[in-house]
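Reviewing the structure listed below.
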Amino acid sequence: AIERLRAHSTNLKEGEDVTRIRQVAGKLLGIHAILSISLSKNNEGMILAQEAVELGNLSSGIEAETLGHLAWGQAHNRIGQFLEARPHFMQAIQLTNDGQSELSELLIDCEWLAYLWMGAGSRMLGNYARAEKEMTQSLTLCRSLGKTRGELSVLVNLADLEFEIGGFA
């Protein structure tokens with residue numbers, strides 16, 4: 001689908017149609033990146049994430065750019081580059097805050113996921129206080145938005161964190 005959109009967009013003149021096609025293609029690339037990373041195809045996911053960010057920038061596609069940064073950060077986290085991941089998660093959060101007027105379900109999920117993944121990176125770096133703060137921010141978002149699946153995911157991560165630091169002793 002992405003390749004067809006790319007091919008179609010090369011035949012169009014600049015304008016609304018090209019912008020919309022870039023936005024959709026960028027969003028699809030972001031989704032593809034996240035799926036690739038979930039399958040441990042981290043290098044592929046990182047390349048797709050970069051493309052999603054670029055298309056998002058070109059087309060003012062906040063969802064594509066946000067998804068791209070989330071995926072890019074996830075790829076860095078998965079390969080142990082926790083410090084490199086952080087700016088991407090922060091950018092995803094910033095974009096969701098900038099896009100409050102067009103906040104979609106996708107952007108809402110990107111925000112709580114960015115806090116959760118950022119917390120996971122902080123945990124891996126041994127900064128447990130920061131990890132707890134970031135994961136708690138994710139939990140607060142999930143609870144305020146009725147994101148039960150997200151809430152459960154964050155609670156599992158917080159429990160693991162507490163166990164790791166000896167909070168259950």
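Numbers here are sequence positions counted from 1.
Residues V53 and L70 are members of separate hydrophobic clusters, defined by side-chain heavy-atom contacts under 4.5 angstrom among Ile, Leu, Val, Met, Phe, Trp and Tyr. The cluster map of Ile, Leu, Val, Met, Phe, Trp and Tyr, joined by side-chain heavy atoms under 4.5 Å apart, puts L161 and F82 in different clusters.
No side-chain heavy atom of H32 sits less than 4.5 Å from a side-chain heavy atom of L28. Between K147 and L141, the closest side-chain pair of non-hydrogen atoms is not below 4.5 Å. Looking only at side-chain heavy atoms (C-beta outward), I108 and T96 stay at 4.5 Å or farther from each other. Using a 4.5 Å cut-off on side-chain heavy atoms (C-beta onward), I93 and M118 make contact. Q74 places a side-chain heavy atom less than 4.5 Å from the side chain of I34. With a 4.5 Å cut-off on side-chain heavy atoms, S60 and E65 do not count as touching.
Within a 6.0 Å radius of CG in N57, more than 12 heavy atoms belonging to other residues, nucleotides or ligands are found.
In this structure, W72 and H88 have parallel ring planes: the angle between them is below the 30° cut-off, well short of the 60° mark.
In summary, of the residues considered (K133, E164, E162), a side-chain contact (heavy atoms from CB on, under 4.5 Å) with Y128 occurs for E164 alone.
To the nearest 0.5 Å, the span separating CG on L95 from CE on M90 amounts to 12.5 Å. Once rounded to the nearest 0.5 Å, the distance linking CG of L139 with CD of E132 reads 11.0 Å. L29 contributes atom CG, which lies 11.5 Å from atom CD1 of I47 (distance to the nearest 0.5 angstrom). Taken from CG in L158 to CG in L116, the straight-line distance is 8.0 Å, to the nearest 0.5 Å. Taking NZ of K27 as the start and CG of L67 as the end, the distance is 8.5 Å to the nearest 0.5 Å. Between atom CE of residue M135 and atom CG of residue N157 there is a gap of 4.5 Å, rounded to the nearest 0.5 Å.
Side chain of N77 to main chain of W117: a donor-acceptor pair is present (N/O by atom type, distance under 3.5 Å, no hydrogens or angles). A donor-acceptor distance shorter than 3.5 angstrom exists from the side chain of T66 to the backbone of I62, with no hydrogens or angles considered. Between the side chain of S38 and the main chain of L35, a donor-acceptor pair closer than 3.5 Å is present. Formation of a donor-acceptor pair under 3.5 Å by the Q23 side chain with backbone atoms of S59 is found in this model.
Annotation for G45 and A33: closest pair O-CB, 3.4 Å, computed over non-hydrogen atoms. The minimum heavy-atom distance linking A52 with G30 is given by the pair CB-N, 3.6 Å. Nearest heavy atoms, F89 versus G73: CZ-C, 3.2 Å. Residue G150 comes nearest to C142 through the heavy atom pair C-SG, 3.6 Å, listed as atom of the first residue, atom of the second, then distance. Taking each heavy atom of S40 and R78 in turn, the nearest pair found is OG-NH1, 4.4 Å. In terms of heavy atoms, V154 sits closest to S138 at CG2-OG, 3.2 Å.
R86 and E134 are joined by a salt bridge, as a carboxylate oxygen and a charged side-chain nitrogen come within less than 4.0 angstrom of each other.
A donor and an acceptor atom, one from each side chain of H76 and Q81, are located under 3.5 Å apart. Between the side chains of S36 and E44, at least one donor N or O sits under 3.5 Å from an acceptor N or O. Side-chain contact annotation: Q94 with D98, donor-acceptor N/O pair under 3.5 Å present.
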Take W112 and Q137, measure what side chain to side chain contact (heavy atoms under 4.5 Å, CB included) needs, and give me the verdict at the end. CA-CA 8 Å; W112 73 261; Q137 180 64 35; over 6 Å; no
The test is side chain to side chain contact (heavy atoms under 4.5 Å, CB included); show your working for L125 and R130 and say whether it passes. CA-CA 10 Å; L125 291 169; R130 182 191 283 175; 5.8 Å; no
